[in-house]
Amino acid sequence: MTAPDDSMTGPIEEPLGYDPSVVEARWRQRWADLGTHKTDLAHGKKPFYALMMFPYPSAEGLHVGNLFAFTGSDIFARFQRLQGHTVFEPLGYDAFGIHSENFALKVGKHPMELIPSNIRNFRRQLDRAGLMVDWSRSLDTTDPEYYKWTQWVFLQLYKRGLAYKKAAAVNWCPSCKTVLANEQVEGGACERCGATVEQRFLEQWFFKISEFSPRLLENLERLDWSETTKQAQRNWIGRSEGARLRFRVLDPFVDAGSSTVAVTTEMTMADAPEIEVFTTRPDTIFGATYLVLAPEHPLVSVITTPQQQAIVDEYRVRSANQDLITRKTTKEKTGEFTGAYAMNPATCALIPIWVADYVLMEYGTGAIMAVPGHDERDFEFATKFDLPIVRVVAGEGQNAHTPFAGAAFVGDGTLVNSQQFEALPVSSAKRVLTEWLEAMHAGKAVTNYRLHDWCISRQRYWGPPIPIIYCDSCGTVPVPEDQLPVVLPNIPDFKPDDSGVSPLARHEEWYRVPCPTCGAKARRETDVSDTFLDSAWYFLRYPSVGRNDVAFDAETTKRWLPVTTYIGGNEHAVLHLLYSRFITMVLHDMGLLDFEEPFTKFRAHGLIIREGAKMSKSKGNVVNPDDYIDQWGADAFRTYLMFLGPFEEGGDFRDAGISGVKRFLDRLWASVRDCSTAGAPDVEVMRKLAATIKKVGEDTPSLSYNTAIAAMMEYMNTLRRGERTAHRAEVEPVVQLVAPFAPHIAAELWEMLGHIESVFDSQWPTYDATLLVSDTIDLIVQVGGKTRGKLVVAKSITQDQALAAATADPAIGKFITGEPKKVIFVPGRLLNVVV
RNA sequence: GCGAGAGUGGCGGAAUUGGUAGACGCGCAGGACUUAGGAUCCUGUGCCGCAAGGCGUGUGGGUUCGAGUCCCACCUUUCGCACCA
């Protein structure tokens with residue numbers, strides 16, 4: 001390389017000759033023309049599927065958070081390409097759903113008009129970011145060619161008996177006018193608009209994901225995922241071991257006046273209903289002093305005595321009408337006595353049955369045995385309603401008579417007041433008592449899961465219609481696969497109303513269809529499906545985009561899936577990732593996929609914060625990437641985003657920091673431009689280069705982008721120290737190292753160095769490992785544990801030699817004031833002299 | 001309340017198995033080149049101190065020759081979950 005004539009180009013105006021806007025525009029065009037980012041799915045060697053979570057194309061455009069995630073994923077993908085993999089990096093749009101619909105309503109535009117223009121704008125912004133995306137295989141969930149297959153997925157689940165319809169109490173958002181999944185309710189308020197959620201009773205389609213709970217949980221152990229993500233899924237699946245116990249309900253008249261039940265009441269007991277409870281503490285059965293049923297429990301109406309009927313009914317109505325927010329967040333206990341009693345199978349005592357809303361119908365059996373002595377909630381309830389509290393566990397220093405100091409004792413201990421089980425430790429009592437109760441046919445050990453079925457119905461417009469037809473004679477009929485897609489009609493009145501039915505239900509011309517089976521008059525399902533269904537299978541579609549005869553091509557899928565690396569936000573740790581795993585499992589069980597886990601490796605990226613807060617429009621701290629790219633170039637912006645913190649933790653965005661990264665690129669540019677081939681490269685510089693190649697090669701695949709960049713900056717400092725001119729061999733490999741981070745400048749410099757093929761098809765640089773081995777080491781010398789200096793010594797130095805050298809060194813020797821009492825010598829590292 | 005993570009200069013952040021705390025960058029200070037500098041380059045920059053030296057990784061203990069790193073208690077904070085029996 002020869003330096004351009006500075007007097008001609010004007011060093012003051014353009015000191016380095018690096019103009020990102022020119023370089024980046026040029027390479028965008030080149031890459032598009034040459035198809036550099038198109039993946040040869042059929043023939044490419046060492047397939048590597050680098051997936052990033054696709055965005056919802058909002059009207060506001062791409063924000064820095066999106067770009068941060070995409071850039072991190074893109075760097076990983078580009079690095080893998082430099083490692084010799086054939087990398088497939090697709091990107092598409094998750095454009096259905098309530099976000100789009102609400103925005104469309106707000107601005108008074110139709111989503112069918114809005115979404116395409118949003119997508120165009122996103123695409124424009126994404127193109128500038130320099131992503132290695134294969135746009136020939138993009139997808140858009142609102143495209144009938146895509147959602148045809150989303151509907152197909154629904155039909156597969158329906159065929160397997162995994163999709164069913166039931167009437168259920170659902171969360172109703174009065175503001176969004178739609179049903180929300182439990183997962184979309186945060187603390188009783190609508191996740192989206194914050195409005196107070198109410199209960200409604202509607203017919204809904206559900207997927208039986210709960211049947212897969214054990215598998216979804218167990219498979220986690222084998223996945224290479226961020227630990228926090230796995231933990232979030234474990235918590236959500238919520239496995240707990242315990243027992244189901246049966247309590248016989250007794251006729252209060254027959255047993256009136258007796259505190260225990262004699263064998264003579266057996267006849268009454270035979271026809272009496274039983275209440276089944278789930279407990280994780282069967283060991284505390286002797287302390288169960290009452291039962292509680294959820295207000296919705298079907299047995300409430302059966303067992304309630306005539307005297308209590310009115311008051312219990314009133315309580316049930318009240319809790320049914322109560323919005324879920326108050327019910328779930330108010331800790332104040334309420335409840336009513338049903339007038340009925342049950343027999344505690346351990347003590348044979350009669351215990352009252354209450355109804356209270358602190359027991360939830362959707363968990364366990366909807367009924368509990370209350371052990372107020374050893375459960376905080378039961379203690380609170382028992383205290384409020386003056387129910388007996390019995391101690392059956394004694395902790396350290398406690399006995400059967402130790403009073404409760406205003407709180408339940410939930411700690412570990414041994415059983416008391418428990419007849420033949422006295423003094424048994426809680427740990428073994430769980431098993432022993434369960435076996436005992438099993439022998440009495442009063443219960444059995446069970447594992448319970450918190451995960452409940454996935455409600456996929458949405459009474460909204462902007463989603464794929466659920467492909468079901470209702471016929472008076474044939475019943476529920478799935479739309480035949482060859483009649484897919486069920487196209488979402490373009491209707492002007494897509495606004496939901498208070499009726500609780502989808503806007504599609506107002507369009508008779510759409511929902512009136514002949515039954516596919518018998519031809520009689522029938523009607524379509526007018527609900528659309530949850531957006532999470534669109535995204536629960538999209539990764540299967542990318543490699544098969546363009547195949548309109550199948551959802552995913554078997555051979556291509558076999559070659560490219562499961563996804564090698566998936567990068568996305570931890571906000572989808574539970575829902576999206578769990579649903580994707582579930583759908584994959586189902587398709588696997590049907591023999592359509594040969595794997596049952598879709599994402600071999602998943603890493604969650606962090607969040608970009610600014611001015612101490614997560615970027616959001618409401619906080620007014622959003623950054624428009626366009627402005628930064630205009631000013632600094634995409635390469636500097638990408639590199640800066642990755643430099644501001646560990647990728648998996650996110651970082652603090654400040655305008656000030658970007659200049660340092662830009663300077664780094666400027667210096668790299670200048671070094672390449674000015675480099676010479678005269679003479680030999682400097683050994684010390686080459687040593688540093690070897691260390692840098694090693695470090696960047698280790699940090700990049702572990703997503704430690706910030707330290708990889710720091711290492712490259714450090715090397716540039718070494719390379720240019722004292723304004724020296726770089727030798728070509730000293731700087732050429734840096735172009736390859738920086739390529740995943742700053743692809744445009746790397747491509748330009750690589751070409752400047754005379755290469756014809758793309759830098760991304762060059763191999764990752766190698767280094768001479770022998771350069772990293774040195775004969776001398778820095779020996780740290782401490783005196784009395786305090787560091788006093790370091791000595792450059794031969795690697796093979798012995799303890800005695802080191803001690804002599806340390807004593808001889810004036811700066812260190814002066815601290816060695818007497819005979820060494822003790823000498824610690826770590827060969828090759830450190831000498832500590834204790835005097 | 002439960003679960004997981006995090007507290008390091010003026011700021012963002014680095015620190016293999018415990019072994020020179022503060023890499024890299026921002027900012028700041030000084031200098032060079034300049035008509036100019038908000039460009040570029042060089043040098044310096046944890047705190048106190050003229051220095052020798054001392055003190056320093058949220059707080060208080062502990063283990064160790066030696067602790068940002070390990071142990072115990074506590075404080076602060078972020079993110080999940082939240083009456084899940």
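Keep in mind that this is a model prediction, so the values were computed, not measured. Just so it is clear: chains get the letters A, B, ... in the order the sequence lines come, proteins before strands, and each one is counted from 1.
Taking atom CD of residue A:E714 and atom P of nucleotide B:G22, one finds them 12 Å apart after rounding to whole Å. The interatomic distance linking A:D652 (CG) with B:C26 (C1') rounds to 12 Å, in whole Å. Nucleotide B:C41 holds its P atom 12 Å from the CG atom of A:D674, rounded to whole Å. If you take NZ of A:K662 and P of B:C26, they are 13 Å apart, rounded to a whole angstrom. At whole-Å resolution of the value, CG in A:L641 and P in B:G13 are 14 Å apart. We find that NZ of A:K230 is positioned 20 Å from P of B:G3, with the value rounded to whole Å. Per the geometry, CD1 belonging to A:I824 stands 12 Å off P belonging to B:A67, to the nearest Å. The separation between A:F68 atom CZ and B:G12 atom C1' is 13 Å, rounded to whole Å.
Across the strands present, B:G10 finds its partner in B:C26; the criterion is a Watson-Crick or G-U wobble pair with both atom distances under 3.5 angstrom. Base-pair partner of B:C74: B:G58 (Watson-Crick or G-U wobble, both distances under 3.5 Å). Summarising the base pairing, B:A36 is matched to no nucleotide, lacking a Watson-Crick or G-U wobble pair whose two defining distances lie under 3.5 Å. With both pairing distances under 3.5 Å, B:C65 is matched to B:G19 as a Watson-Crick or G-U wobble pair. B:C2: Watson-Crick or G-U partner is B:G80, with both key distances under 3.5 Å. Base pairing of B:C41 is made with B:G31, judged by Watson-Crick or G-U wobble geometry with both donor-acceptor distances under 3.5 Å.
Considering only side-chain atoms of A:R663, the nucleotide from B:C83, B:A85, B:C41 that sits closest is B:C41. Relative to the side chain of A:Q231, the nucleotides B:G3, B:A85, B:C24 differ in distance, and B:G3 lies closest. Looking at the side chain of A:L644, the nearest of the listed nucleotides B:A82, B:U20, B:G12 is B:G12. When distances run from any side-chain atom of A:Q782 to the nucleotides B:G19, B:A14, B:G25, the shortest one goes to B:G19. Here the side chain of A:I780 is nearest to one of B:A15, B:G19, B:C83, namely B:G19. For A:L830, the listed nucleotide lying nearest its side chain is B:G19; candidates were B:G19, B:A85, B:C24.
Between the CD atom in A:E211 and the CG atom in A:L216 there is a gap of 11.5 Å [rounded to 0.5 Å].
Of the charged side-chain nitrogens involved, at least one lies within less than 4.0 Å of a carboxylate oxygen, so that A:D224 and A:R603 count as a salt-bridged pair. A salt bridge links A:K384 with A:E332; the closest basic N to acidic carboxylate O contact falls under 4.0 Å. A salt bridge does not link A:K695 with A:E698: every distance from a Lys NZ or Arg NE/NH1/NH2 to an Asp or Glu carboxylate oxygen is 4.0 Å or more. A salt bridge links A:E714 with A:K688: the distance from a Lys NZ or Arg NE/NH1/NH2 to an Asp or Glu carboxylate oxygen falls below 4.0 Å.
Within 90° of 0 lies the glycosidic angle of B:G9, which makes this nucleotide syn.
Here A:R667 reaches the OP1 or OP2 of B:C41: one of its side-chain N or O atoms lies under 4.0 Å away. Taking side-chain N and O atoms only, A:R788 has a distance below 4.0 Å to OP1 or OP2 of B:G54. A sub-4.0 Å separation between OP1 or OP2 of B:G25 and a side-chain N or O of A:N717 is present. Phosphate proximity of B:C24 to A:N706: absent, as no side-chain N or O sits under 4.0 Å from OP1 or OP2. A:T787 has a side-chain polar atom (N or O) that falls below the 4.0 Å cut-off from OP1 or OP2 of B:A21. Residue A:R721 places no side-chain N or O under 4.0 Å from the OP1 or OP2 atom of B:C42.
For the residue pair A:A370 and A:Y358, the shortest heavy atom distance occurs at CB-OH, 4.4 Å.
With sequence neighbours excluded, no residue forms a salt bridge (Lys or Arg N to Asp or Glu O under 4.0 Å) with A:R721.
With contacts defined as side-chain heavy-atom distances shorter than 4.5 Å, the pair A:L644/A:D652 does not qualify.
Remark: the separation of the P atoms in B:U34 and B:A14 is 41 Å, to the nearest Å. Between B:U69 and B:C81, the distance separating the two P atoms is 32 Å to the nearest Å. Here, B:C65 and B:A29 have their P atoms 47 Å apart, quoted to the whole Å. B:U76 and B:G68 are spaced 24 Å apart, taking the P atom of each and rounding to whole Å.
Here the two rings, on A:Y705 and A:F741, have centers that are under 6.0 Å apart. A distance of 6.0 Å or more separates the ring centres of A:Y640 and A:W632.
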What N/O pairs connect the protein and nucleotides 7-10 of chain B at under 3.5 Å? Give each pair on its own line.
none

